[in-house]
Protein chains: 4
Amino acid sequence: MTGPDDTRAVPRRLLSEATRLFAEQGFDRTSVQEIVAAAGVTKGAMYHYFGSKDDLLYEIYARVLREQTERLEKFAATEEPVARRLFAIAADVVVSTIANLDDTTIFLQSMHQLSPEKRRTVRAERRRYHERFRGLIEEGQQTGEFRTDKPAEVVVDFFFGAVHHLGYWYREGGRLSAQEVGDHFADLLLSSLR
Amino acid sequence: MTGPDDTRAVPRRLLSEATRLFAEQGFDRTSVQEIVAAAGVTKGAMYHYFGSKDDLLYEIYARVLREQTERLEKFAATEEPVARRLFAIAADVVVSTIANLDDTTIFLQSMHQLSPEKRRTVRAERRRYHERFRGLIEEGQQTGEFRTDKPAEVVVDFFFGAVHHLGYWYREGGRLSAQEVGDHFADLLLSSLR
Amino acid sequence: MTGPDDTRAVPRRLLSEATRLFAEQGFDRTSVQEIVAAAGVTKGAMYHYFGSKDDLLYEIYARVLREQTERLEKFAATEEPVARRLFAIAADVVVSTIANLDDTTIFLQSMHQLSPEKRRTVRAERRRYHERFRGLIEEGQQTGEFRTDKPAEVVVDFFFGAVHHLGYWYREGGRLSAQEVGDHFADLLLSSLR
Amino acid sequence: MTGPDDTRAVPRRLLSEATRLFAEQGFDRTSVQEIVAAAGVTKGAMYHYFGSKDDLLYEIYARVLREQTERLEKFAATEEPVARRLFAIAADVVVSTIANLDDTTIFLQSMHQLSPEKRRTVRAERRRYHERFRGLIEEGQQTGEFRTDKPAEVVVDFFFGAVHHLGYWYREGGRLSAQEVGDHFADLLLSSLR
DNA sequence: TATGAATGAGGTTTCATTCAT
DNA sequence: CATGAATGAAACCTCATTCAT
């Protein structure tokens, strides 16, 4: 909960509290009243900065997508062999997903509650991300490093299923650190590709 | 939508329409009114058979869990080597998940909308299923067929993440049949374990 | 609650459970379902014997009124001086009210929930009872035993207010027995009349 | 009914119409829709000011209790002999009860429909009032002005029964004015105490 | 920028009653 | 005599959103 001493800008506070509440209770179960109360403002203030409750959700998505894409680009741009690049990216997406588990949880549970138009935008961005990832697998298949009897698309869906599901079981302070899970997942992915 | 010629018993019709609507629109976005209209009865009838909207969701879960557990037991009981048993089970869970994609979608999106008490029951049953699956991996690790440098639990979560996400991308009539996806997924799992 | 071994006739059991539940929760807060469950029968059975939920209430009233009127007549018919007759009646109405506190509670709280027609019937009977009681006071005023500077009607309303309120404070097993309260009340009434 | 020209604040109007309707039809028989229609607002407005229908009832109680307590304190604080103070208070409680007959009627008929927590609060306040009244009787018993063979508590219950029942028979414009009834009742009380 | 009163539509649930069996 | 499935109306309440200030 945001105290009266929270000096972050109001929109930032609203987004942050909305993220937490959506992840905890779901989008539909969270009322605008709860969000503004948690952020320490009134409804009018929220509607001053955001067009609707939907908008809040969209902004959360947009930030997650932007950050994930940036990270992927950073790792993909190195000169390493493709297997190492893929490993690094796979491990990193796990680590960063765990670091922002709330956002990912919302992403998966609330996507279909977005207005159709915004849903299209989000989906398109998501697809671009997947295609970038798939490109790396295909690159490895062409260089002969990865097996070619599995469609790259299936492997991508296989792997991102696992990633998206982290929110259902991963708990901070559990047996494995985020980095360890990332390494395990990346290793399982690479193993299955050889 | 159920027409006036649908002669199935009312509770069955209600469950079936509820499943479809929950999967399409989400639990919270689906009104009781929509469900009963689709089933061709009135609200009173629904509350005669089910204690609440929640109950409807719970009954859907209970059926899915029961059926999946039965299938696992059937495949696990054969005399095959553990790698073959695991492959068969992994492929089958994909096929049966695709065959009941609506139910699985609901499972993942609406679990947290269940009342706490019922959620506990469902989670306990789910855990039993996972543990049974994990036991097979551990068996393979003990016989030396599977690598031992990966915790069996991580592998289970990795694989079921992929399975649970089928609903997000698999479309009937697409490039791959359910069986093909099942074989691919099972193969990826087994490959990553060797 | 009525057990399966309750061999009283069904209508009697229904009335008895209804009385208890109405007194505990109020007429509107008690559902037909609760009543029939407590009586160990189904709704159909209730509607076989009683025309409506209202009817149950009416039957309860009718019994109370009949019994109270009978008692008053019995005491009024003696040859005692009027002060003694009035004392006996006043004390007795307290004792019998306490003995049937549930019925009286219902009477006061639920009268206005009766259908207009039945309400008229009940009110008329009630008025007759009050007039009979008032007659005794007037008799005492005419013989000079009671003061004449108080309208008999006011005294009746004064006294029956106190009687009807027994349900709000009297508790079985408290400091005073029903008879003691009856004697006190009758004594207060007679004192105030001299 | 409140017309569009009623310029009192919305909460005041809601309370006033609710009081009237509860007294006329009972709490359970009065719908929120009826109340807001009578007050000329929408349901949303009511729930903006009051947490629930229950709350409306509670606010009515709270006001009655507060006013009655204030009046009692005012009369009790004089230097008159105890008999005169008690007479004044007893007559006044009748007059003020008649002046707010709706509130009192609700008090008696609907108390048990209040939520348990609020009921406790109301009951505690009520008890304090009764104890204050009882204290006056005990004071008169100690000074020898009142008889001591009647427990003060019984006399209090006797008298307030009569007061609380005014709503069942007193009608504006009838034979007796509120003041006349008050004087009669107070006189009956004092007579019975000597 | 921000408030908070007010709207109006829609939500889940309850319930007295009916009726075919 | 009795059942219990089904109705349909109405109940209380929630909530995203608007707007005068």
Side-chain angles (χ1 to χ4, degrees), chain A residues 9-11 14 27-37 39-57 113 115, chain B residues 9-11 13-14 27-36 39-56 113, chain C residues 9-11 14 27-37 39-57 113, chain D residues 9-11 13-14 27-37 39-56 113:
Chain A
V10 167
L14 282 165
F27 179 76
D28 279 324
R29 306 286 246 238
T30 303
S31 71
V32 169
Q33 182 52 47
E34 278 178 287
I35 297 168
V36 299
V41 298
T42 58
K43 281 196 233 189
M46 197 216 92
Y47 280 96
H48 179 72
Y49 291 110
F50 299 93
S52 65
K53 190 185 168 190
D54 256 57
D55 251 27
L56 278 172
L57 191 55
Q113 279 143 2
S115 76
Chain B
V10 167
R13 268 180 8 228
L14 282 165
F27 179 76
D28 279 325
R29 303 288 245 237
T30 303
S31 72
V32 169
Q33 183 51 48
E34 282 177 286
I35 298 168
V36 299
V41 295
T42 59
K43 278 192 262 204
M46 196 217 96
Y47 281 96
H48 182 68
Y49 291 108
F50 300 93
S52 64
K53 191 184 166 190
D54 234 69
D55 245 33
L56 232 27
Q113 278 143 1
Chain C
V10 167
L14 281 165
F27 179 76
D28 279 323
R29 307 285 246 238
T30 303
S31 72
V32 169
Q33 183 53 45
E34 279 178 287
I35 298 168
V36 299
V41 297
T42 59
K43 281 196 233 187
M46 197 216 92
Y47 280 96
H48 179 72
Y49 291 110
F50 299 92
S52 66
K53 190 184 168 192
D54 256 58
D55 250 29
L56 278 172
L57 191 55
Q113 279 144 0
Chain D
V10 168
R13 266 177 14 226
L14 282 165
F27 179 78
D28 280 324
R29 302 290 245 237
T30 303
S31 73
V32 169
Q33 183 52 48
E34 281 177 286
I35 297 169
V36 298
V41 295
T42 59
K43 276 191 266 203
M46 196 217 96
Y47 282 97
H48 181 67
Y49 291 107
F50 301 93
S52 63
K53 190 184 167 193
D54 233 69
D55 245 32
L56 232 28
Q113 278 142 0

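Protein chains get the first letters and strands the later ones, always in sequence-line order, with residue 1 at the start of each.
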Distance-minimising heavy-atom pair for C:Pro11 and C:Phe50: O-CZ, 4.0 Å
Close side-chain approach of B:Val32 and B:Tyr47, heavy atoms under 4.5 Å: yes
A:Leu57 CG - F:dA16 C1' separation (whole Å): 15 Å
Nearest heavy atoms of A:Lys53 and A:Phe27, plus distance in Å: NZ-O, 3.0 Å
Nearest-nucleotide comparison on DNA chain F, the residue closer to the 5′ end among B:Thr42 and A:Val32: B:Thr42
Length of the line joining A:Phe50:CZ and F:dT18:P, which is rounded to integer Å: 16 Å
Side chain of A:Val41 (C-beta onward), nearest among E:dG8, F:dA6, E:dT3: E:dT3
Sugar-phosphate only, base, or nothing, as touched by A:Tyr49 at under 4.0 Å among non-hydrogen atoms: sugar-phosphate
Partner nucleotide of E:dA20 by Watson-Crick or wobble geometry (both distances under 3.5 Å): F:dT3
Nearest-nucleotide comparison on DNA chain F, the residue closer to the 5′ end among D:Gly44 and D:Phe27: D:Phe27
Nucleotide F:dA6, atom P - distance to CD of C:Gln33 in whole Å: 16 Å
Pairwise distance CD(D:Gln113) to CG(D:Asp28) - rounded to 0.5 angstrom: 4.0 Å
Nucleotide nearest B:Ala45 when distance is taken to its side chain, options E:dT3, E:dT12, F:dA6: F:dA6
N/O (side chain, C:His48) to phosphate O (OP1/OP2, F:dA2) under 4.0 Å: no
d(CE, A:Met46; C1', E:dA2) in whole Å: 13 Å
Nearest to side-chain heavy atoms of B:Lys53, which nucleotide of E:dA6, E:dT12, F:dT17: E:dT12
Any strand: nucleotide that pairs with E:dG10 via Watson-Crick or wobble, under 3.5 Å: F:dC13
Minimum-distance pair of heavy atoms, taken over all atoms of A:Gln33 and A:Val36: O-CG2, 3.2 Å
hbond_proxy C:Lys43 side chain to E:dT17 base (donor-acceptor, 3.5 Å cutoff): yes
Value in whole Å for how far the P atom of E:dG10 lies from CG of B:Asp28: 17 Å
Phosphate contact (F:dC13 OP1 or OP2) by D:Tyr47 side-chain N/O below 4.0 Å: yes
Whole-Å distance separating the CZ atom of B:Arg29 from the C1' atom of F:dA16: 11 Å
